[in-house]
Amino acid sequence: MAEVFRSSMLKDPIRQDVVEFNDKGVTFRVNKLIGGTDNFVFYSDISGVEIDNGLFFATVRIIPRARPEIVIRNFSKGDARRIKEIILQNVPHNRPDAFGNPLR
């Protein structure tokens, strides 16, 4: 499960944000004009995901436990929904139990 999503180059061709999924967590690369930040967050440390929809693009806000929120911008609306879906599928309290029932 190594999926990678990149923000749109149409809105900002210099600063392209990247979301990379693996089995244990998510890596968020937020690029700035000079430098940027890489944040790795375990799925179990994510407490919420929010999407702010614009006219053409969306902003995804990841809310980890005991850390400041991570904001990634300029994703297509479809990619933003898919990012949220993958994260929520892998967050432990949203996974079904061994019998297929959702945890409460």
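Each residue takes its place number in the sequence, starting with 1. Computed from a predicted structure; not experimentally measured.
More than 12 heavy atoms of other shown residues, nucleotides or ligands fall within 6.0 angstrom of atom CZ in R82. In F42, the CZ atom is not crowded: 12 or fewer heavy atoms of neighbouring residues, nucleotides or ligands sit closer than 6.0 Å. Shown here is K77, whose NZ atom has more than 12 heavy atoms of other residues, nucleotides or ligands within 6.0 Å.
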Intermediate values then yes/no, salt bridge (charged side-chain N to carboxylate O under 4.0 Å, His left out), D38 and R29: CA-CA 5 Å; D38 281 6; R29 288 189 187 96; 3.4 Å; yes

Candidate pair V18 and V4, rule side chain to side chain contact (heavy atoms under 4.5 Å, CB included), full reasoning: CA-CA 7 Å; V18 177; V4 177; 3.8 Å; yes

Salt bridge (charged side-chain N to carboxylate O under 4.0 Å, His left out) assessment of E50 paired with K84: CA-CA 8 Å; E50 298 175 351; K84 181 177 180 178; over 6 Å; no

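For the pair R65 and S44, the tightest heavy-atom approach, listed with the atom from each and the gap, is NH1-O, 2.9 Å. The minimum heavy-atom distance linking K24 with F40 is given by the pair C-CZ, 4.2 Å. For A58 against S76, the heavy-atom pair with the smallest separation is CB-O, 4.5 Å. In terms of heavy atoms, R15 sits closest to S7 at O-OG, 4.2 Å. Shortest non-hydrogen contact noted between N31 and D17 is N-OD1, 3.2 Å.
Atom CD of E3 is separated from atom CG of N22 by 11.5 Å, given to the nearest 0.5 angstrom. To the nearest 0.5 angstrom, F57 atom CZ is 15.0 Å from D52 atom CG.
In this structure the side chain of V30 never reaches within 4.5 angstrom of the side chain of R73, judged on heavy atoms. At least one side-chain heavy atom of I87 sits less than 4.5 Å from a side-chain heavy atom of V26. With a 4.5 Å cut-off on side-chain heavy atoms, I72 and T59 do not count as touching. Within the 4.5 Å cutoff, side-chain heavy atoms of I46 are placed close to those of I62. Using a 4.5 Å heavy-atom cutoff, the side chains of I70 and R61 are not in contact. Looking only at side-chain heavy atoms (C-beta outward), V49 and I63 stay at 4.5 Å or farther from each other. Contact of the F28 side chain with the V60 side chain is not registered, since no non-hydrogen atoms from C-beta on lie closer than 4.5 Å.
The same ILVMFWY cluster, assembled from side-chain heavy atoms under 4.5 Å apart, contains both V19 and V91. Follow the hydrophobic side-chain contacts under 4.5 Å out from I51 and you never reach L55; the two are in separate clusters.
Note on ring orientation: taking the six-membered ring where Trp is involved, the planes of F21 and F5 are perpendicular (angle over 60°, cut-offs 30° and 60°).
Within the 3.5 Å criterion, the main-chain N or O of I86 finds a donor-acceptor partner in the side chain of N90.
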